[in-house]
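Remarks on the structure that follows.
Reckoned from all heavy atoms, side chains included, excluding hydrogens, waters and symmetry mates.
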Amino acid sequence: KARYSGIASCALLLLNTVGCGGGGNPAGPTPVSLAVTLVTPNTGSPVGATAVTLTGTAFASGATVTFGGAAATGVTVVSANTVTAITPARAAGVVDVVVTMPGGASATLPNGFTYAPLSITGNWNGTSSQGRLVAFSVSGSSLNFLSITYQMTGCQPMLITTGAVLPITNASFSLAAPIVSNGQAVGTAAINGTFSSNTMASGAITVVQTLPHPCPGSLSASWTALKN
């Protein structure tokens with residue numbers, strides 16, 4: 001009878017311990033690894049400004065997010081499994097999405113987001129905040145004609161035109177040029193624009209005119225345009 005008492009005792013212990021005679025404690029919970037598994041939506045404009053939700057594990061306060069190396073804005077850690085952010089502007093293409101913790105640990109979702117190219121080829125027309133006409137044409141990723149009218153207070157409207165090819169990068173373009181009168185530089189004009197969709201663009205014009213220009217002064221005006 002005594003011969004089997006040790007075996008019976010061991011059987012009882014197995015109900016409450018890892019083993020019999022070994023004496024070890026049960027293992028603790030398995031640590032959760034940092035990971036990014038999903039970005040919703042996973043497609044947006046090269047302009048950026050797409051609100052996205054990242055799903056994963058082990059997110060913590062202070063996390064940062066990049067899309068193809070460009071930093072997202074408005075990053076909010078909602079929970080250990082959810083982060084929200086606003087995409088940065090970037091050239092069209094497929095990019096990795098990376099979440100980095102304050103301590104330096106990071107997780108990557110390869111090809112996690114697609115910057116879809118805009119379809120903006122065509123003729124565009126609009127008006128400025130002065131009520132003046134704006135017109136330009138786009139072919140592929142270049143703006144190949146631009147016409148915009150502005151008016152200084154108390155002066156006649158002035159027309160700026162250019163046939164120079166302007167590259168469109170990250171759905172934006174810019175032009176800076178001197179204002180010339182009788183062969184003499186009498187000011188500068190700066191024009192910029194951004195395509196917010198396939199059919200809508202907006203931007204600004206800033207003009208500074210100096211003597212001996214007959215209408216010295218400066219102005220800033222915004223503009224909007226639609227594709228025909």
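A heavy-atom distance below 4.5 Å is not found between the side chains of Val75 and Thr64. Counting heavy atoms from C-beta outward, Gln151 and Arg132 have side chains that approach closer than 4.5 Å. Under the 4.5 Å side-chain criterion, counting only non-hydrogen atoms from C-beta, His213 is not in contact with Met152. Side chains of Thr127 and Val134 form no contact here, defined as non-hydrogen atoms less than 4.5 Å apart.
Judged by distance alone, with hydrogens and angles left aside, the side-chain atoms of Thr210 form a donor-acceptor pair with the main-chain N or O of Val186 at under 3.5 Å. Distance alone, capped at 3.5 Å, is enough to place a donor-acceptor pair between the Arg90 side chain and the Gly68 backbone. Side-chain atoms of Ser147 never come within 3.5 Å of backbone atoms of Ala135 as a donor-acceptor pair (strictly under, hydrogens ignored). With hydrogens and angles ignored, the 3.5 Å screen pairs a side-chain donor or acceptor of Trp223 with a backbone N or O of Asn192. Counting only distance, with no hydrogens or angles, the side chain of Gln130 and the backbone of Tyr150 share no donor-acceptor pair below 3.5 Å. For the pair Ser129 (side chain) and Ser222 (backbone), a donor-acceptor distance under 3.5 Å is present.
In the hydrophobic clustering of ILVMFWY residues, with side-chain heavy atoms under 4.5 Å counting as a link, Leu109 and Tyr115 come out together. Val65 and Val47 are members of different hydrophobic clusters when ILVMFWY side chains are connected at heavy-atom separations under 4.5 Å. At a threshold of 4.5 Å between side-chain heavy atoms, the hydrophobic network of Ile, Leu, Val, Met, Phe, Trp and Tyr places Val36 and Met101 in one connected group. Under the 4.5 Å side-chain heavy-atom criterion for Ile, Leu, Val, Met, Phe, Trp and Tyr, Leu143 and Leu133 are members of distinct hydrophobic clusters. Under the 4.5 Å side-chain heavy-atom criterion for Ile, Leu, Val, Met, Phe, Trp and Tyr, Ile148 and Phe145 are members of distinct hydrophobic clusters.
Closest of all the heavy-atom pairs between Ala72 and Pro88 is CA-CD, 4.0 Å. Considering every non-hydrogen atom in both Ala63 and Val99, the closest pair reads CB-CG1, 4.2 Å. Residues Asp96 and Pro110 approach most closely at OD1-CA, 3.3 Å, considering heavy atoms. Minimum interatomic distance between Ala70 and Ala89 (heavy atoms only, all atoms of both residues): CB-O, 4.5 Å. Heavy atoms only, all atoms of each residue included: Pro157 and Thr149 are closest at CB-CG2, 3.9 Å. Closest non-hydrogen pair, Ile160 versus Ala189, comes out as CD1-CB, 3.6 Å.
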Verify side chain to side chain contact (heavy atoms under 4.5 Å, CB included) between Thr84 and Val78, making sure each step is shown before the conclusion. CA-CA 7 Å; Thr84 59; Val78 179; 4.0 Å; yes
Decide yes or no on side chain to side chain contact (heavy atoms under 4.5 Å, CB included) for Leu226 and Met200, but give the supporting numbers first. CA-CA 5 Å; Leu226 299 175; Met200 182 173 292; 3.9 Å; yes
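Atom CZ of residue Phe113 and atom CG of residue Leu54 lie 10.0 Å apart, to the nearest 0.5 angstrom. Interatomic distance, Thr50 OG1 to Asn42 CG, rounded to the nearest 0.5 Å: 11.0 Å. Taken to the nearest 0.5 Å, the CG atom of Leu34 stands 6.5 Å off from the OG1 atom of Thr57. How far CG of Asn123 is from NZ of Lys227: 10.0 Å, rounded to the nearest 0.5 Å. Atom CG of residue Leu38 and atom OG1 of residue Thr53 lie 9.0 Å apart, to the nearest 0.5 angstrom. Between atom CD1 of residue Ile120 and atom OG of residue Ser137 there is a gap of 11.0 Å, rounded to the nearest 0.5 Å.
Remark: of the listed residues Val208, Thr206, Val207, Val208 is the sole one forming a side chain to side chain contact (heavy atoms under 4.5 Å, CB included) with Ser218.
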Can you give the donor-acceptor pairs under 3.5 Å from side chains of residues 162-185 to other protein atoms, not counting sequence neighbours?
residue: Thr162; atom: OG1; partner: Ala164; partner atom: N; Å: 3.0
residue: Asn170; atom: OD1; partner: Ala91; partner atom: N; Å: 2.7
residue: Ser172; atom: OG; partner: Thr194; partner atom: OG1; Å: 3.0

